[in-house]
Amino acid sequence: MGNANTALPNLGDGSDMAPSAERRLGDRIARELYRDPDYVDDPVIMDYVQGIWQPLLAAARLRGELPPELDEAYAWEILLGRDRTVNAFALPGAYLGLHLGLVAVVTSHDELASVLAHELSHVTQRHISRIMTRQAGQAPWLMGAMILGVLAASKSPAAANAAIVGGQAVAAQSQLNFSRDMEREADRVGFGVMTQAGFEPQGFVSMFDKLQQASRLNDTGGFPYLRSHPLTTERMADMQTRAPQGTAPSTAVALAPDLEQAMVAARARVLANAAVDDLRNWAVQTDGVLLARLSPTQQAGTLYGATLAALKLRDFDQAKTLWKRLSDQVRTDAAASRLARWLGAELVLAQGDGTGALRLLAEKGLAQESNGKPRTDRANQTSSRAELFLRVRAHLQAGLAAQSTQPLQSWLTDHPRDAQAWQLLSSAYTAQGRTLGAIRAEAEVYVAHLDYAAALTRFKAAQEMARKGVPGADHIEASIVDTRARQVELLLREQAVER
């Protein structure tokens, strides 16, 4: 390592805002983002992102960057946006926003790790609360509204005008813009966190290279990340000195080909650009001559994107043909092969064949990696949220809903704020005639999205059904409903006081 041990002085905390107060403000903002039509919870992409995010959190704890009081008080949740622009941002209370556009342009998990580590470090160093402390005269609800206005402005300036006007816009922008010193500190701490987590330090340099190229092209709006995190020569030079000696500046860094990232990036592009013409364009790229000009990694990404696009267009014959080509292309890479298998299961499920999807999910890919390098637990894991949800959907289609209940309950024990898991459990309960449990699970979906008013309405409906003695209701389920209704009613009162 060059001058990797050269560190900037820690800027200190300097914040008067308590972590609990910051979390409540973050919850207020997140509640609105969950309602945004662009919010998306794609299990496949989120599995990939969490496979990077969780090691970063663990490394921050190990390094002492994430003290227990912040660890417990904050959400540490990533919200994925169906937006083609290149952007990521940290919000109060450790909610992080990540646009599909950014996932689509990174070419390795190390590059994505550099962005997430940087945003994580803004949170652990309490940069957000420090900025908000400067705006101490503003009511928390107004600060939340201004931050939402800035986020809206990144997509639609007209929509933002409804949330922020005049001088408020300047104050709002300051909620997401960090000082030069804060940016350098987030780089320094983030670099240490990502390398501690086992990611390649070159990822930071190559990501800076992408941002620099975008800056040279006079970014016209596709890279909002450059506006909230301006790239400076000092930041680039600092990261270059921390990278291993011999890494050439401003050039493509020699990171290993990442088939998995190429496929996830293709998925992000399809989901972010779902217009019919955009979906049809993917098929053109799979022409034999055009495809032959691409590297094997690029070919895998193209075939994945084209398969998913054909599936979205419900051209199942073409999707099946493309999927077979993709499976052959990635059969020697365990992580990429698993992604292909999941895509195949999606294709079969779209055709209503739950039993076929279960058979496909039961298949095991080749264990050897194409480059012979050891991979993270993320690549070697045998189960995941994405695979769990695919199995549940397959069980429901195959008329085997009862087999989904226990796995979902086990998952929710460890992930009680997983709205999509609660929704699937509600469907499983409904299929089994367990009406009370289904309504309770629906209520928990709203709780997970911080909409306590809607949740309480569903809990009260469940209480009424329990009193009427609906089929499938038992005293244990009714007791759980009563307890949760009281808890949510208290949360709703607290929410009202904050307003």
Side-chain angles (χ1 to χ4, degrees), residues 38 40 42 44-53 56 78-90 96-119 151 154-155 187 190 194 199-200 202-231 235-236 239 250-275 278-279 281-282 285 294-306 308-309 336 339:
D38 280 343
V40 59
D42 180 74
V44 174
I45 294 179
M46 284 305 298
D47 255 13
Y48 182 78
V49 172
Q50 286 294 331
I52 297 172
W53 178 240
L56 292 174
I78 294 177
L79 280 66
L80 198 62
R82 195 193 306 270
D83 193 311
R84 69 185 68 185
T85 60
V86 177
N87 202 13
F89 47 87
L96 275 79
L98 180 63
H99 285 186
L100 289 179
L102 190 145
V103 179
V105 302
V106 297
T107 53
S108 74
H109 58 285
D110 304 291
E111 288 181 352
L112 185 55
S114 74
V115 174
L116 294 179
H118 179 95
E119 299 303 327
L151 297 178
S154 70
K155 296 186 294 184
D187 288 340
M194 73 169 286
F199 295 100
E200 293 295 335
Q202 295 99 322
F204 234 115
V205 179
S206 60
M207 192 66 212
F208 271 18
D209 186 49
K210 281 185 170 63
L211 294 173
Q212 184 186 41
Q213 290 178 25
S215 180
R216 287 173 176 170
L217 293 174
N218 297 318
D219 173 43
T220 57
F223 281 71
Y225 194 74
L226 282 170
R227 294 194 292 278
S228 59
H229 299 75
L231 193 62
R235 289 181 64 198
M236 295 185 64
M239 285 303 99
S250 189
T251 188
V253 181
L255 294 169
D258 198 332
L259 290 176
E260 185 184 18
Q261 169 59 38
M263 294 162 72
V264 170
R267 186 178 185 90
R269 287 195 294 274
V270 171
L271 296 182
N273 301 274
D278 291 327
L279 296 177
N281 284 337
W282 279 95
Q285 300 174 46
L294 304 178
S295 69
T297 300
Q298 293 170 325
Q299 289 177 13
T302 299
L303 288 171
Y304 185 100
L308 181 59
L339 283 179

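Along the sequence shown, residues are numbered consecutively beginning with 1. Computed over heavy atoms, backbone and side chain alike; hydrogens, waters and symmetry mates excluded.
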- Verdict with reasoning, F199 to L56, per side chain to side chain contact (heavy atoms under 4.5 Å, CB included): CA-CA 9 Å; F199 295 100; L56 292 174; 4.0 Å; yes
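Put simply, CG on L231 and CE on M207 are 10.0 Å apart, with the number rounded to the nearest 0.5 Å. Rounding to the nearest 0.5 Å places CE of M263 at 11.5 Å from OG1 of T302. A distance of 9.5 Å separates CG in L102 from CD in E111, rounded to the nearest 0.5 Å. A distance of 9.5 Å separates CG in L116 from CD in Q50, rounded to the nearest 0.5 Å. Between atom NE2 of residue H99 and atom CG of residue N87 there is a gap of 5.0 Å, rounded to the nearest 0.5 Å. With values rounded to the nearest 0.5 angstrom, L112 atom CG is found 10.5 Å from T107 atom OG1.
Residues D187 and F208 meet the side-chain proximity criterion, which asks for heavy atoms closer than 4.5 Å. Under the 4.5 Å side-chain criterion, counting only non-hydrogen atoms from C-beta, D258 is not in contact with T297. The shortest side-chain heavy-atom distance between Y48 and L339 does not fall under the 4.5 Å cut-off. In this structure, D110 and Q202 have side chains that are not in contact, with every pair of non-hydrogen atoms separated by 4.5 Å or more. Q213 is listed as a side-chain neighbour of D209, based on a closest heavy-atom distance under 4.5 Å.
Every side-chain hydrogen bond (donor to acceptor under 3.5 Å, both in side chains) that E119 has, sequence neighbours left out, goes to Y225, H229. Remark: V105 pairs with V86 by the side-chain contact (heavy atoms from CB on, under 4.5 Å) rule, at least two apart or across chains. A309 is linked by a side-chain contact (heavy atoms from CB on, under 4.5 Å) to L279, W282, counting only residues two or more places apart in sequence or in another chain.
Pairing each heavy atom of A265 with each of V106, the nearest pair is CB-O, 4.4 Å. R82 and V40 make their closest contact through NH2-CG2, 3.5 Å (heavy atoms, listed as atom of the first residue, atom of the second, distance). Nearest heavy atom pair, residue V44 against residue R267, reads CB-NE, 3.6 Å. A104 approaches R269 most closely through the heavy-atom pair O-NH1, 3.2 Å. Nearest heavy-atom pair, V103 versus L98, reported as atom, atom and distance to 0.1 Å: CG2-CD2, 3.9 Å. Considering every non-hydrogen atom in both M194 and A117, the closest pair reads CB-CB, 4.0 Å.
A donor-acceptor pair under 3.5 Å is absent between the side-chain atoms of R84 and the main chain of G222, judged by distance alone.
Side-chain atoms of Q285 and N281 include no donor-acceptor pair closer than 3.5 Å.
Each of D38, D83, I45 was evaluated against L100; a single residue qualifies, I45, per the side chain to side chain contact (heavy atoms under 4.5 Å, CB included) test.
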